[in-house]
Amino acid sequence: MAAYYELLDRLNDNAFHKKREIVKQPKVEDILNSLSKEELVKILVDLVRKDKALKSSIILKYSKGNGAQELERYKRLIEAIARRYKNRDDYIPLRATYPFADEMETILENARNKDDIILSLEIATLLVSELVKSYEYADDSDGRIGSLVTDTFLFIEEVIEDAEELDIDLKEKIFNLLLKESSNEAFWGWDNYKIQFLRLCTYFSDVEVLRIKLIRKIELIISQNSDSEFKRYYNEMLLQIVFQIIEEYGTKEE
């Protein structure tokens, strides 16, 4: 009887391996290498028609254009990635949060590889804006999206720290970009991110005209929030920024 079962096991094992050999798929690389250029183009066109994010990604990576055009393509790609992972209720469930964040992270990597410092920062701020908005339409229970927001801010800070030797015109452009983002409607209800952008602006406090502009902006915000008890902590954080600026660059009277 033992010999019978041993023989049966071997026969089944052989049949299993033969079945696996029969259904073994050829490698995709081998198939693609055997196709003509026209056939490959047709396959790609069919794919991008069904996948807007893939279309935007290909256009972004291989087309040429000026900074404004490239930034607009990044904007469309970011929006396409968000649409890709939303369900019928326009919501990204937890199981889709990680692949969503992984694709968004490629945007950050692209920003890192740009030679144009302004374009690099514009892409990063676009990314932060969409990621913060995603808190409203995605389940970030595991903090993956929040972690990517932190990484993006760190990247922006790294770029700014390296901007010390830049000419005044370029510094002013970076400063104005950051100051504008501090008022971005995407951060409504997220005062900590507004504060973050204002703190980044302090890197340019050595330039008097920019320092004055920042202080006036902060004083205006505080004035607008003066009647709101809910904004008390936010105002205290703003006052701390002003104090730090005055402590380093102000007069004794100030």
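For this chain, numbers begin at 1 and follow the sequence in order.
The minimum heavy-atom distance between Leu148 and Ala101, with the atom names listed, is CD2-O, 3.5 Å. Looking at every heavy atom in both residues, Ile145 comes nearest to Leu131 through CG2-O, 3.7 Å. Nearest approach of Tyr249 to Ser205, heavy atoms of both residues: CE1-CB, 3.5 Å. For Lys194 against Phe187, the heavy-atom pair with the smallest separation is CE-O, 3.4 Å. Contact record, Ala111 with Ser120: O-OG, 2.6 Å, taken as the closest heavy-atom pair. For Asn113 against Glu109, the heavy-atom pair with the smallest separation is ND2-O, 3.1 Å.
Partners of Glu236 under the salt bridge (charged side-chain N to carboxylate O under 4.0 Å, His left out) rule, at least two apart in sequence or in another chain, are Arg232. Scanning for salt bridge (charged side-chain N to carboxylate O under 4.0 Å, His left out) contacts around Glu136 gives an empty result, with sequence neighbours left out. Annotation: side chain to side chain contact (heavy atoms under 4.5 Å, CB included) contacts of Ser226 (sequence neighbours excluded): none. Remark: Lys213 pairs with no residue by the salt bridge (charged side-chain N to carboxylate O under 4.0 Å, His left out) rule, at least two apart or across chains.
Both Leu200 and Leu170 are members of a single hydrophobic cluster when ILVMFWY side chains are connected at heavy-atom separations under 4.5 Å. Under the 4.5 Å side-chain contact rule for hydrophobic residues, Phe243 and Ile195 do not share a cluster. Under the 4.5 Å side-chain heavy-atom criterion for grouping Ile, Leu, Val, Met, Phe, Trp and Tyr, Leu108 is not connected to Tyr98 through any hydrophobic cluster. Placement of Leu238 and Trp188 in two distinct hydrophobic clusters is found when ILVMFWY residues are connected by side-chain heavy-atom separations under 4.5 Å, directly or transitively. Leu239 is connected to Ile241 through a chain of hydrophobic side-chain contacts under 4.5 Å among Ile, Leu, Val, Met, Phe, Trp and Tyr, so both are in one cluster.
Counting heavy atoms of neighbouring residues, nucleotides and ligands inside a 6.0 Å radius, atom OH of Tyr137 exceeds 12 of them. In this structure, Glu185 places its CD atom where only 12 or fewer heavy-atom neighbours from other residues, nucleotides or ligands lie under 6.0 Å away. When the shell of 6.0 Å around NZ of Lys75 is examined, it contains 12 or fewer heavy atoms from other residues, nucleotides or ligands.
Between the side chain of Asn87 and the backbone N or O of Asp89 there is at least one donor-acceptor pair closer than 3.5 Å. Proximity of a side-chain donor or acceptor of Asn110 to a complementary backbone N or O of Lys114 within less than 3.5 Å is not detected. Put simply, the side chain of Thr251 gets close to the backbone of Glu254: a donor and an acceptor are under 3.5 Å apart. The main-chain N or O of Ile245 is never found under 3.5 Å from a side-chain atom of Glu248 such that the two would form a donor-acceptor pair. Of the possible donor and acceptor atoms, one in the side chain of Thr97 sits under 3.5 Å from a partner among the backbone N and O of Asp139.
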Residue pair Ile174, Val159: steps toward the side-chain contact (heavy atoms from CB on, under 4.5 Å) verdict: CA-CA 10 Å; Ile174 296 172; Val159 172; 5.6 Å; no
Criterion side-chain hydrogen bond (donor to acceptor under 3.5 Å, both in side chains) on Tyr85 and Glu103, from CA distance to verdict: CA-CA 10 Å; Tyr85 290 98; Glu103 284 208 43; 2.6 Å; yes
Check against salt bridge (charged side-chain N to carboxylate O under 4.0 Å, His left out), Glu130 and Lys133: CA-CA 5 Å; Glu130 186 62 38; Lys133 284 192 292 185; 3.4 Å; yes
Candidate pair Arg112 and Phe155, rule side-chain contact (heavy atoms from CB on, under 4.5 Å), full reasoning: CA-CA 8 Å; Arg112 290 183 188 278; Phe155 164 68; 3.6 Å; yes
Test log, rule side-chain contact (heavy atoms from CB on, under 4.5 Å), inputs Gln244 and Thr202: CA-CA 9 Å; Gln244 289 166 4; Thr202 64; 5.9 Å; no
Check against side-chain contact (heavy atoms from CB on, under 4.5 Å), Tyr74 and Leu127: CA-CA 9 Å; Tyr74 270 103; Leu127 181 60; over 6 Å; no
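The side-chain heavy atoms of Asp206 and Arg211, taken from C-beta on, include no pair separated by under 4.5 Å. Val132 places a side-chain heavy atom less than 4.5 Å from the side chain of Tyr193. Between Glu172 and Val209, every side-chain heavy-atom pair lies at or beyond the 4.5 Å cut-off. A 4.5 Å side-chain heavy-atom check between Asp140 and Leu94 finds every atom pair outside the cut-off.
Once rounded to the nearest 0.5 Å, the distance linking NZ of Lys180 with SG of Cys201 reads 13.5 Å. Rounding to the nearest 0.5 Å gives a distance of 12.5 Å between CZ of Phe230 and CG of Asp191. In this structure, Ile123 CD1 and Arg73 CZ are separated by 10.5 Å, a value rounded to the nearest 0.5 Å. Atom CD1 in Ile246 sits 16.0 Å away from atom NZ in Lys252 (nearest 0.5 Å). From Ile118, atom CD1 reaches atom NZ of Lys173 across 6.5 Å, with rounding to the nearest 0.5 Å.
Applying the side-chain contact (heavy atoms from CB on, under 4.5 Å) test between Phe197 and each of Leu178, Leu179, Asn184 identifies Leu178 as the sole match.
Using a 4.0 Å cut-off between a side-chain N of Lys or Arg and a carboxylate O of Asp or Glu, Arg144 and Glu105 qualify as a salt bridge. Under 4.0 Å is where a charged nitrogen must lie from a carboxylate oxygen, and between Arg76 and Glu79 no such pair does.
Between Tyr135 and Trp190, the ring planes are tilted. Angles from 30° to 60° get that label.
Identified under the side-chain hydrogen bond (donor to acceptor under 3.5 Å, both in side chains) test for residues 146-160, with sequence neighbours left out: Glu157-Tyr203.
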Side-chain polar contacts of residues 216-225 - donor-acceptor pairs under 3.5 angstrom, sequence neighbours left out - could you list them?
| residue | atom | partner | partner atom | Å |
| --- | --- | --- | --- | --- |
| Lys217 | NZ | Ser183 | OG | 2.7 |
| Asn225 | ND2 | Ile221 | O | 3.3 |
| Asn225 | ND2 | Asn235 | OD1 | 3.3 |

